[in-house]
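Comments concern the structure below.
Atoms considered below: every heavy atom in the structure, side chains included; atoms not considered: hydrogens, waters and symmetry mates. To find a chain, count down the sequence lines: A is the first, B the second, and so on, and within it residues start at 1.
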Protein chains: 2
Amino acid sequence: MKTHSLLTSAHFPKVSDMQQSVSHFRLKAVCSNCKLRELCLPVGLSIGEMRRMDDISHLKRGYARGDYLYRSGDRFQSLYAIRSGSFKTQVLHEDGREQVTGFQMTGEIIGLDAICTDHHTCDAVAMESSEVCELPFNKLEALSRELPSLQRHLHKIMSREIVRDQGIMLLLGSMRAEERLAAFLLNLSQRLAARGLSPTQFQLRMSRQEIGSYLGLKLETVSRAFSNFQDNGLISVKARAVELLDLPGLRTLVGK
Amino acid sequence: MKTHSLLTSAHFPKVSDMQQSVSHFRLKAVCSNCKLRELCLPVGLSIGEMRRMDDISHLKRGYARGDYLYRSGDRFQSLYAIRSGSFKTQVLHEDGREQVTGFQMTGEIIGLDAICTDHHTCDAVAMESSEVCELPFNKLEALSRELPSLQRHLHKIMSREIVRDQGIMLLLGSMRAEERLAAFLLNLSQRLAARGLSPTQFQLRMSRQEIGSYLGLKLETVSRAFSNFQDNGLISVKARAVELLDLPGLRTLVGK
DNA sequence: CATGAATTTTGACATATATCAAACCGGTCA
DNA sequence: TGACCGGTTTGATATATGTCAAAATTCATG
């Protein structure tokens with residue numbers, strides 16, 4: 001369960017349809033006995049360095065839809081790189097309110113929130129059959145002391161998460177419902193494109209309810225916005241199958 | 001301009017009245033020729049290690065209200081530890097919309113957003129006369145490769161920022177106006193208390209407009225919420241002078 | 001201390017989104 | 001095949017917050 005966990009996985013197999021951060025820090029890299037690979041973590045590392053990276057990681061398979069990768073309050077041990085499938089993260093309020101804070105897909109890293117308290121502060125739930133690479137954080141830190149490029153990369157991943165969150169704050173704080181949904185769809189599109197998939201046709205993995213939670217809206221509002229987009233010829237939507245018909249139009253909506 | 005920048009500064013001088021993260025990673029530490037100090041960065045470091053930390057930092061004085069510490073798009077060089085005074089950070093949307101993403105006070109670190117792109121993604125603006133310690137990031141990384149406790153601390157600071165942002169997302173996505181304001185005031189109170197200041201009486205450094213931007217509300221809504229709180233005996237407020245009269249009542253409002 | 005500018009408060013009204021409810025799917029399981 | 005069941009769409013209405021405007025207050029400046 002630990003062979004070449006980070007080094008295998010060609011071109012993002014089984015790609016899911018929702019995504020999150022604008023870019024994702026993966027690079028192509030040639031590895032001794034493997035074909036050209038795309039990786040999520042090691043950037044600018046030599047073959048040997050990559051192998052060391054690989055040595056500390058463990059592949060974990062068999063997460064089914066609804067399975068928890070970790071729960072809020074769990075003791076922090078590792079970061080997780082999504083190797084296939086997709087997850088959502090959600091925070092829970094004392095009074096029962098919950099909010100989806102992100103949808104993560106192949107190649108993205110989750111668990112960063114737990115570093116500061118040694119305990120996870122959100123839940124991570126699989127949205128489909130998924131695999132992850134477990135990256136024990138102590139070992140990751142130790143290795144990054146030896147490999148400056150890994151160190152920098154780790155810092156960039158954390159910083160990127162901060163920037164992503166700022167973008168969501170802007171969205172939640174100052175955009176109207178349709179602008180939020182347009183921004184969501186465009187972000188999705190961009191992340192799909194980055195993975196070599198169709199940026200205009202995809203299958204949503206999450207419900208209207210979950211989208212609404214993420215965007216700070218009720219599910220009915222999300223549904224209505226979808227319908228309006230369709231009426232205006234911006235998209236075609238039927239349940240979770242979405243086609244973006246007018247990307248420039250969507251961009252105009254979010255004001256860029 | 002670089003002597004003992006991080007090591008001086010006793011007990012948070014000139015404390016400002018707005019704040020941000022729940023805790024702030026400063027510790028008391030004894031240093032050779034200094035009195036007991038409170039520091040923002042070095043945790044669990046020996047005297048010698050602290051001195052090395054100090055050696056790479058530069059004290060920068062003389063930021064007046066409205067001065068920019070950095071602007072969105074500026075090249076990234078350094079993180080900044082606020083030594084006195086306070087700042088706000090804001091992101092700007094292409095179409096002119098802007099949103100305050102945080103109010104930072106003494107002991108807090110800003111600039112983390114810039115690591116991932118090598119350019120700052122938000123503005124940092126002084127809200128009063130302020131001083132900062134500039135921490136050149138390359139040197140900080142190099143030093144943290146040598147000092148595991150510094151490395152861990154840096155990771156925690158970044159993680160904490162991620163958690164903070166998640167909390168704001170929850171606030172913006174699922175709380176009503178008065179709940180948001182109550183959460184804001186309680187957070188303020190908590191951070192003041194952590195600095196040994198009155199958790200119930202303080203002077204706001206930011207306008208209703210800025211609070212509104214931070215909370216995703218219009219300034220009139222913020223003003224009305226303040227007035228309602230006062231009418232209900234939760235607080236006493238006159239312009240920017242605030243007194244929290246009923247902390248439990250405020251906590252009930254935010255649902256905890 | 002006086003004046004004007006900026007900020008804050010308050011009011012009346014408009015509107016976006018939430019709420020409640022029902023109908024409509026599309027798949028799953030007897 | 002038919003009945004269920006979660007998810008989605010759509011409609012009617014309620015409500016929180018935004019908008020516009022004016023008055024009140026505070027703050028800065030000469």
Problem - Residues Glu128(B) and Arg65(B) bridged, charged N to O under 4.0 Å - result: no
Exercise for the section: Measure centre to centre between the rings of His119(A) and Phe76(A), then say whether the value is under 6.0 Å. Expected result: no
Practice task
When you get a sec, tell me which of dG26(C), dT8(D), dT10(D) is the closest nucleotide to the side chain of Ser207(A)?
Solution key: dT8(D)
Practice task
Using whole Å, report how far CZ of Phe226(B) lies from C1' of dA24(D).
Solution key: 18 Å
Practice task
Measure from the side-chain heavy atoms of Ser223(B) and tell me the nearest of dT17(C), dG18(D), dT9(C).
Solution key: dT9(C)
Practice task
For the side chain of Arg208(B), starting at C-beta, report the closest nucleotide among dT9(C), dT8(D), dA18(C).
Solution key: dT9(C)
Practice task
Please state how far atom CG in Leu172(B) lies from atom P in dT17(C), giving the value in whole angstrom units.
Solution key: 15 Å
Practice task
Please check if any side-chain donor atom of Gln104(B) sits under 3.5 Å from a side-chain acceptor atom of Thr89(B), or the reverse.
Solution key: yes
Fill in the blank from the handout: In Asp67(A), Asp123(A), Ile110(A), Val125(A), the residue satisfying side-chain contact (heavy atoms from CB on, under 4.5 Å) with Phe87(A) is Ile110(A)
Practice task
Ignoring hydrogens and angles, answer whether the base of dG11(C) and the side-chain atoms of Arg224(B) contain a donor-acceptor pair closer than 3.5 Å.
Solution key: yes
Exercise for the section: Among dG18(D), dT9(D), dA18(C), find the nucleotide with the atom closest to the side chain of Lys218(A). Expected result: dA18(C)
Fill in the blank from the handout: Which of dT10(C), dT17(C), dT9(D) is nearest the side chain of Leu219(A)? It is dT9(D)
Fill in the blank from the handout: Here the distance between atom C1' of dA16(D) and atom CE of Met175(B), to the nearest Å, is 15 Å
Completion exercise
From CD1 of Ile211(A) across to C1' of dT9(D) the rounded distance in Å is 14 Å
Practice task
Would you kindly compare Gly216(A) and Ala239(A) by the position of their nearest DNA chain C nucleotide and give the one closer to the 5′ end?
Solution key: Gly216(A)
Exercise for the section: Tell me whether the OP1 or OP2 atom of dG18(D) has a side-chain N or O from Thr221(B) closer than 4.0 Å. Expected result: yes
Handout entry: Atom-pair distance (CG on Leu204(B); P on dT26(D)), nearest Å
Key = 15 Å
Practice task
Take atom CG of Leu215(A) and atom C1' of dA16(C), then tell me their distance rounded to the nearest Å.
Solution key: 16 Å
Problem - Interatomic distance where CG belongs to Asn228(B) and P belongs to dG11(C) [whole Å] - result: 11 Å
Handout entry: Distance, rounded to the nearest Å, where Leu253(A) contributes CG and dA16(C) contributes P
Key = 14 Å
Problem - N/O (side chain, Lys238(B)) to phosphate O (OP1/OP2, dT25(D)) under 4.0 Å - result: no
Exercise for the section: Kindly indicate whether a cation-pi arrangement holds for Arg208(B) with Phe226(B), taking the cut-offs as under 6.0 Å to the six-membered ring centre and within 45° of the axis. Expected result: yes
